[in-house]
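Here the structure is laid out as structure tokens; the discussion comes afterwards.
Numbers restart at 1 for each chain; the letters A, B, ... are given by sequence-line order, proteins then strands. Every value quoted in this text rests on a predicted model; they were computed, and no experiment measured them.
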Amino acid sequence: MINEQRTRMMTKLALYESKRGKKELQITRYAPGDYVTAHMLWSFVCGTIAFVIVLALWVLYNIESLLIELFSMDIMHLAINILLVYIIYMGLYLGMCYVYISYRYGRYKKRVNKFLLGLKELYRQYVQSDN
Amino acid sequence: MTALLMMKEKIKSLYASYHGIIVPTVKAIIAFIMLMAINDKIGYMRQLDSFLVVLVLAAVCAFTPRVITVLVGLIVILGHLYSLSMELALVAAAVFAVMLFLYLRFCSKELLLLVLVPVSFYIGIPYVMPLLVGVLCGPTAVLTFCCGIIVHYYIDYVSVNALTIQGMTTTGSMDKIRVALDGIIHNEEMFLALLSFAAATIVVHILRRQSVDHAWSMAIFTGAMTNVILNFMGLLIFDNGPSIIGLLLGTVIAIPVAMFVGFLFMGLDYSRTERVQFEDEDYYYYVKVVPKMNIKAPSKTVKKINTQRNRTYYK
């Protein structure tokens, strides 16, 4: 005879695992804190690549004036300005990424914990019915 | 109202029954319109500007994840731009890469907005988009929406200046790159659209989450007005922007469309609002409960009587 309550629970757990769970259960692979660290490192790499692309576009847009002033301009000063802009930009970008990734981790963790509790409860029901 | 509720229930049951056919069909239609719009505006590559290729690509997009539809769209854009000018394609690829690395990698759910926004401009209903995005999506969708606006205006800029760019045979690559970048840096109409659409979306999103009665209707109306006012201000300041008649007509069409979508997704019956108060060990709760409008679709019974056998059919 089919246990309706157990079937309902199994269906909900299976639905979660096949849809959202594919992405969210990945946090179980990380130690606490490592998920955020790993994504922050990846954000650092992506943010740097984006900055380099934008810098390249800026150089190409202003190539004529840069070439004219190349020998008269203070290259160190320009480099320091670019570095300052990079630091401010990365600080802001990584700050926003940290807030978003932490918020996402918290949301995923809640749902994953609920899923794992559901699995535990299902296991308990099976053990009970076997006994 | 009852007829609308019955229609809503019928749509829901139709979707539940034929979900496997409806979703790929809708995805194919969106991909088809997107590719036709791109080919219409910047169809410079003969191999891609073909109805058969569009059909095949739309069929591929129907059965693949949404990210593939977006990738197909971006690759087709880059293909057309490359055949017009390598520098245009380079700048477009750089802009797409910056969008991807900075933001789009976070929002896989709303990625389709990147193609839906240009599609809405192509079919003439751009003012529906900020209202729908504000009503249906989260706050992070605003940035994806803005990326879609940038894509649309860049394609528009290229299509308007294509002859000029094609005529630049004697100038160097740097001049062409500068012309391509001007389409983003000095595009006042694009900045106006970014500001007005983003503001409208944020206003709709904030207002629809309030616990006042008819919050969704208020949000849609206020968002539409925000869009109109900002566009008017932009027209006065920049002397550049959408046509006033197009803006007003578009807004008049957008409001009922957004109201209808809001009704489909969240029809609330404010006349049966209840307020309850209760407490537990930690908190005292003030709860406002607004029931959704629901109606059970009547089930029809068809009884066929003949002399040999009685058969009863249930619908």
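In this structure, chain B has a heavy atom under 4.5 Å from the side chain of A:Ile49, while its backbone stays farther away. Only the side chain of B:Ile185 comes within contact range of chain A, with heavy atoms under 4.5 Å apart.
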Output the donor-acceptor atom pairs between chain B and chain A under 3.5 Å, with atom names and distances to 0.1 Å.
| from | atom 1 | to | atom 2 | distance (Å) |
| --- | --- | --- | --- | --- |
| B:Phe101 | O | A:Tyr93 | OH | 3.3 |
| B:Leu102 | O | A:Tyr93 | OH | 2.7 |
| B:Arg105 | NH2 | A:Ser43 | OG | 3.0 |
| B:Arg105 | NH2 | A:Tyr93 | OH | 2.9 |
| B:Ser108 | OG | A:Lys23 | NZ | 3.3 |
| B:Arg178 | NE | A:Tyr61 | O | 3.0 |
| B:Asp182 | OD1 | A:Tyr61 | OH | 2.5 |
| B:His186 | ND1 | A:Tyr61 | OH | 3.4 |

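Atom OH of B:Tyr82 sits in a sparse spot, with 12 or fewer heavy atoms from other residues, nucleotides or ligands closer than 6.0 Å.
The main-chain N or O of B:Ala219 is never found under 3.5 Å from a side-chain atom of B:Arg208 such that the two would form a donor-acceptor pair.
Residues that satisfy the side-chain contact (heavy atoms from CB on, under 4.5 Å) test with B:Val76, not counting sequence neighbours, are B:Leu35, B:Ile38, B:Asn39, B:Leu48, B:Leu57, B:Val72, B:His80. By the side chain to side chain donor-acceptor pair (under 3.5 Å) test, B:His152 is found to be paired with no residue, residues two or more places apart in sequence or in another chain being considered.
Proximity of A:Phe51 to A:Ile82: side-chain heavy atoms (C-beta onward) are separated by under 4.5 Å at one or more points. At a threshold of 4.5 Å between non-hydrogen side-chain atoms, the residues B:Leu112 and B:Thr69 count as touching. You'll find the side chain of B:Cys146 reaches within 4.5 Å of the side chain of B:Val142, heavy atoms only.
Interface summary for chain B: among A:Ile101, A:Ile63, A:Leu57, A:Val54, the most heavy-atom pairs under 4.5 angstrom belong to A:Leu57. In terms of heavy-atom pairs under 4.5 Å with chain A, the best-connected choice from B:Val91, B:Leu102, B:Val98 is B:Leu102.
For residues 153-168 of chain B, the salt bridge (Lys or Arg N to Asp or Glu O under 4.0 Å) pairs, not counting sequence neighbours, are B:Lys41-B:Asp156.
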